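What follows is a set of notes on a single structure, which appears directly below.
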Amino acid sequence: MKKEIGKKIFGILFILGAALMFALMNLFVNAAGDLPLMQKVFFRNFFATIIVFFFLLFTKEKFRIHDKSCILWLFLRAGIGFLGIILNFYAIDHIGSISDASILNKLSPFFAILFSVFLLKEKPTIPEIIFVLVAFAGAMLVVNPRFDMEIIPALCGFLGGACAGFAYTCVRVLGNKGERNYMIIFFFSAFSTFVSLPFMIAFYQPMTGLQWLYLVLAGLSAAGGQFCITAAYKQAPAKEIAVFDYAQVLFAALLGFLFLDQIPKTLSFIGYAVIIGAAIANFIYRLEKSKRETKKHSISQKNHSESG
């Protein structure tokens, strides 16, 4: 029991570390200023590719893909995830608040519930559907829909969250097929690096020393976030610790205020509370549901052994 509690604490610490890393990534991407989008996307993925490449190089299985059936899912995860990064970075640069961009990207678990219906044939329960609808209502408060050009960055952030939700569902499929987490990260990072490279070269804009520093830090933060979140889910199941990932929004709001003089609007704060509230409610519901199923299973096994 103590060992399980210790692993859960480490899992929470790792996922809080990931939240901080991704909030820092958003800060550095925004601070890099007016640079071509693909230039920023390239740097975000390049360092993760290099780091995971050397990590896999010294593993027993190296770059072996677990099963041929995983290849399609790896490309789906990489392609849709890559599109999600583009949309998220556009939102970070144009939405006016990195915390707004962060919370819209954090709609991904709710989109994952929807995509799991089609990709995993899972049927969401009524409470889960309610949590999804409440979260989307909170997103509307953050987006603050208006019929002008200012809504485009917010919609990009919203669609970026949808792409991330699809990508995470693909990761679940790959996990069920036995694919390694680090291979999934490497495939995604390498794919995004190579696809963004021609665009970066074609539209490359010379950078100041400070812009170089910001993009290098953005890439390292992204890589650190990937490693932290992978380590977190090795320590404890996602259903027990995933809700702590929403700390990224709080970190982003604090960093945006301290370094970018960004203060989210009142409606945004209300939207944050609604979305995080829906996430916490969904977290508690899934935890209780898991406990009931475990108890039911143990009773069933006990009855079976007694009857045998």
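These numbers were taken from a predicted model, which means no experiment stands behind them.
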Exercise. Is there a chain of hydrophobic side chains (I, L, V, M, F, W, Y, each step under 4.5 Å between heavy atoms) that links Met38 to Val216?
Worked result: yes
Exercise. Are Phe187 and Trp73 an aromatic pair by the rule of ring centers under 6.0 Å?
Worked result: no
For this session: Compute whether any side-chain donor of one residue and acceptor of the other, for Tyr214 and Asn30, lie under 3.5 angstrom apart.
Result: no
Exercise. Will you find, in the side chains of Asn45 and Ser196, an N or O donor that is under 3.5 Å from an N or O acceptor?
Worked result: no
Problem set entry | Check ion pair Asp100-Lys265 (N to O, under 4.0 angstrom) | no
Exercise. Any link between Phe54 and Phe194 through a network of hydrophobic side chains (Ile, Leu, Val, Met, Phe, Trp, Tyr) touching at under 4.5 Å?
Worked result: no
Problem set entry | Sub-4.5 Å side-chain heavy-atom contact between Phe186 and Thr49 | yes
Exercise. Tyr182 and Phe227: aromatic ring centres closer than 6.0 Å?
Worked result: yes
Exercise. Among the clusters formed by ILVMFWY side chains lying less than 4.5 Å apart, do Ile129 and Tyr285 turn up in the same one?
Worked result: no
Exercise. Taking the six-membered ring for Trp, are Phe158 and Phe111 ring centroids under 6.0 Å apart?
Worked result: yes
For this session: Verify whether the ring centers belonging to Phe188 and Phe191 lie closer than 6.0 Å.
Result: no
For this session: Treating Ile, Leu, Val, Met, Phe, Trp and Tyr as nodes and any side-chain heavy-atom pair under 4.5 angstrom as an edge, say whether Tyr168 and Leu83 lie in one connected cluster.
Result: no
